[in-house]
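Just below is one structure, and these are the notes that go with it.
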Amino acid sequence: MRRCIFLIFKLYSFYIAAQLLTGCMNETVSDAKKENALPQIYPDYTGVTVPVNIAPLDFCMKDEKVLCIDAVVTDSHGNSLHAQGEESVNFDLDDWHALLNSLPFRGRSGRGIDSLSVTVSAKYDDGWHTYSPFRIYVSPDSIDYGICYRLIEPGYEVWSKMGIYERNLSSFDERPLIENTQFEGCVNCHSFNRGNPDDMSLHIRGPHGATLLRHDGGPLTAYNTKTDKTLGLCVYPYWHLSGRYVAYSTNTTRQLFHSAGHNRVEVFDEASDLQVYDVEKNELLLSPLLKNDSVYETYPVFSADGRSLYFCAAQALPEDSHEIDSIRYNLCRIDFDPTTGTFGDRIDVVVDAMSQHKSVSFPRPSYDGRFLCYTLSNYGQFSIWHHEADLWLLDLATGVSRPMDGANSQDTESFHNWSANSRWLVLSSRRDDGLFTRLYFCHVDEKGTVTKAFMLPQRNPRSFYQGRFLSFNVPEFIIAPTRFDGRKASHIINDEYRKNFGVR
């Protein structure tokens with residue numbers, strides 16, 4: 001008898017706890033006041049275009065006085081999805097994907113973008129309010145399996161805790177690949193070959209400094225990338241489509257703080273060069289055109305066909321000059337022959353930003369060879385602290401550049417990368433609060449039409465972002481799980497062995 005009473009008590013306690021957790025989830029929207037306006041939700045998912053395999057777009061009301069939120073999502077066939085919550089609307093993962101996968105995608109071309117209608121009701125002290133429905137457009141262009149990014153406190157002087165993390169874009173699963181609690185130093189500059197984690201480069205700074213390389217799914221190897229013929233360690237990597245080469249820059253950087261003005265901090269080069277690493281021959285390939293003391297060269301990337309190297313270049317300041325706001329980078333290119341590993345004999349200016357009193361950073365060509373996305377700011381090359389920084393899209397067929405209005409905001413847009421199918425762009429932005437960098441996505445079709453950017457989905461997004469005082473840094477798409485063993489990597493980092501680069 002006592003056991004029976006105990007079980008009943010446990011079940012009752014579980015029921016009460018469940019009610020406390022679910023809160024208003026069983027309420028009926030009744031006697032609602034009709035509002036002739038769209039709901040003010042966070043994140044702003046009104047009118048966005050998303051991939052068919054994206055995680056649920058859970059959201060909150062911007063007004064935190066709300067007592068309950070109700071949302072009904074319907075497609076053109078009457079299929080619907082309902083969710084309700086006190087702090088946020090959290091859609092069931094399986095039901096969300098079932099609804100998106102049922103869309104017919106009957107666009108003008110027979111395979112166009114379809115849409116969902118979302119009706120939001122919110123309960124306040126005076127009762128329910130139902131807002132005008134809004135659309136979420138769904139593209140049949142799927143997004144990659146996931147992304148990798150660095151999570152870092154938005155500080156200036158110390159490494160503190162940071163790590164590289166992997167996130168599944170079809171769910172909310174996140175896992176750390178490696179954190180600097182496993183060694184002393186900083187982890188950064190992670191890169192994959194068109195999202196393929198079988199080819200990976202990862203840079204470690206500090207007393208255990210090294211570049212970790214994995215090629216064709218093989219074991220991780222720690223390299224010392226400094227040679228007596230190069231300026232310093234290799235950073236800012238970008239893989240050649242063949243997997244044989246990795247382009248790197250080597251930079252001598254400094255940091256200073258502004259005593260006045262809109263931007264808080266500046267990171268700038270005192271010297272920088274470019275080189276390409278031949279993975280098969282363990283050799284750095286150098287060119288005198290990319291190792292010019294009077295020019296700062298940085299951010300190298302290979303073209304989609306692998307026969308060109310794009311990079312940013314600026315005239316170096318005189319030794320006695322401190323006018324860092326006069327450093328402006330153009331987008332340049334040089335030929336590269338992947339058969340011989342040799343460079344062309346001239347450098348072409350692709351985007352002359354200097355003549356516009358602007359500066360280019362972070363060039364990223366789409367893998368289909370159609371476009372190149374870059375960041376444009378007033379000066380310098382470390383645009384993450386520049387509130388005026390925006391994304392621009394270069395049409396490689398016409399040579400015409402234009403701002404990516406759908407992706408841009410009133411605050412910083414900076415580092416970005418393409419999905420493997422060249423239809424999605426992940427970008428880092430400070431539009432949320434001006435301080436922390438969040439991740440956003442936009443769709444770019446074959447004509448270069450850019451859709452409104454949407455924030456990386458999270459469960460209970462306000463609680464998630466307000467409780468996580470970290471910036472998302474250097475987002476990279478991955479087409480599959482990385483299979484990265486952080487414990488093995490930390491042993492390699494903490495070991496003294498480093499393989500040296502040769503130089504051709």
Closest heavy-atom pair, A37 versus Y131, reported as atoms and distance to 0.1 Å, is O-CB, 3.4 Å

Can a donor-acceptor pair be found, under 3.5 Å and without considering hydrogens, that links the side chain of R214 to the backbone of P219? no

With distance as the sole test, does H97 use its side chain to make a donor-acceptor pair with the main-chain N or O of S170 at under 3.5 Å? yes

Is there a side-chain contact between V279 and V246, using heavy atoms and a 4.5 Å cut-off? yes

Name the orientation class of the two ring planes belonging to F336 and F302 (parallel below 30°, tilted from 30 to 60°, perpendicular beyond 60°). tilted

Stepwise side chain to side chain donor-acceptor pair (under 3.5 Å) test for S366 and D368: CA-CA 6 Å; S366 60; D368 61 3; 2.7 Å; yes

With distance as the sole test, does D75 use its side chain to make a donor-acceptor pair with the main-chain N or O of G78 at under 3.5 Å? yes

Please work out which of the three classes, parallel, tilted or perpendicular, describes the rings of W392 and Y374, given edges at 30° and 60°. parallel

I would like to know whether Y45 and V118 meet side-chain contact (heavy atoms from CB on, under 4.5 Å); could you show each step before the answer? CA-CA 10 Å; Y45 289 139; V118 185; over 6 Å; no

Hey, what do you get for OG1 (T74) to CG (L99), rounding to the nearest 0.5 Å? 8.5 Å

Distance-only donor-acceptor check, side chains R431 and S429, under 3.5 Å: yes

Can you find a heavy atom in the side chain of D390 that is under 4.5 Å from one in the side chain of P403? no

Is any NZ, NE, NH1 or NH2 atom of the basic residue among D199 and R194 found under 4.0 Å from an Asp or Glu carboxylate oxygen of the other? no

Could you check whether any side-chain N or O of H203 sits under 3.5 Å from a backbone N or O of P237, counting only pairs where one atom can act as donor and the other as acceptor? no

Between K62 and D44, is there a side-chain N and carboxylate O pair less than 4.0 Å apart? no

Shortest non-hydrogen contact from W418 to Y367? O-CE1, 3.6 Å

Could you check whether any side-chain heavy atom of D114 comes within less than 4.5 Å of a side-chain heavy atom of P104, counting everything from C-beta outward? yes

Check: H215 side chain, G243 main-chain N or O, donor-acceptor pair, under 3.5 Å: yes

Derivation and outcome, side-chain contact (heavy atoms from CB on, under 4.5 Å), residues Y124 and D63: CA-CA 10 Å; Y124 293 91; D63 185 351; 3.5 Å; yes

Quick check against the 3.5 Å criterion: does D70 have a side-chain atom that pairs as donor or acceptor with the backbone of T28? no

Flag for E64-Y42: side-chain donor and acceptor within less than 3.5 Å: no

Taking all heavy atoms of R175 and all of R483, pick out the closest pair and write down the distance. NH2-N, 4.0 Å

Looking at every non-hydrogen atom in both residues, tell me the closest pair between V50 and W424 and how far apart they are. C-CH2, 3.3 Å

I need the full list of salt bridge (Lys or Arg N to Asp or Glu O under 4.0 Å) pairs touching residues 120-140, with sequence neighbours left out, sorted by first then second residue. E27-K123

Would you call the rings of Y277 and Y223 parallel, tilted or perpendicular, taking 30° and 60° as the class edges? perpendicular

Would you find a donor on one side and an acceptor on the other, under 3.5 Å apart, between the side chain of D58 and the backbone of F91? yes

Can you tell me how far CD1 of I493 sits from CG of L202, rounded to the nearest 0.5 angstrom? 6.5 Å

For residues 434-448, pull every pair meeting salt bridge (Lys or Arg N to Asp or Glu O under 4.0 Å), keeping only residues two or more places apart or in separate chains. D432-R438, D433-R438

Any sub-3.5 Å donor-acceptor pair from W96's side-chain atoms to I54's backbone N or O? yes

Side chain N417, main chain V426, donor-acceptor under 3.5 Å: no

With a 4.5 Å cut-off on side-chain heavy atoms, are S201 and C189 touching? no

Spatial distance of atom CD1 (I147) from atom CD (E166) [nearest 0.5 Å]: 10.5 Å

Interatomic distance, CZ@R150 vs OH@Y165, rounded to 0.5 Å, equals 11.5 Å

Derivation of the side-chain contact (heavy atoms from CB on, under 4.5 Å) call for F192 and T482: CA-CA 10 Å; F192 308 94; T482 59; 4.3 Å; yes

Minimum side-chain heavy-atom gap L391-T375 below 4.5 Å: yes

Atom NE2 of H416 and atom CE of M404: how far apart are they, to the nearest 0.5 Å? 8.0 Å

Measure the spacing between OH of Y440 and CG of N408 and express it to the nearest 0.5 Å. 12.5 Å

Check whether any side-chain heavy atom of Y329 sits under 4.5 Å from a side-chain heavy atom of T298, and report yes or no. yes

Determine whether D144 and I478 satisfy the following criterion, side-chain contact (heavy atoms from CB on, under 4.5 Å), listing intermediate values before the conclusion. CA-CA 6 Å; D144 292 341; I478 48 174; over 6 Å; no

For the backbone of G146 and the side chain of N168, can you confirm whether one donor and one acceptor N or O come within less than 3.5 Å of each other? no

Does one side chain, of S121 or T130, offer a donor that lies under 3.5 Å from an acceptor on the other? yes

Determine whether more than 12 heavy atoms belonging to other residues, nucleotides or ligands lie under 6.0 Å from atom CG of D31. no

Is the shortest heavy-atom distance from the side chain of L435 to the side chain of F469 under 4.5 Å? no

Given side chains that start at C-beta, do those of P56 and N90 come closer than 4.5 Å, heavy atoms only? no

Looking at every heavy atom in both I178 and S490, which two are closest together, and how far apart are they? CD1-N, 4.1 Å

In terms of side-chain heavy atoms, does N473 have a donor or acceptor partner in S471 at a distance below 3.5 Å? no

To check you understand the geometry: which heavy-atom pair defines the closest contact between H387 and G434, and what is its length? CE1-O, 3.7 Å

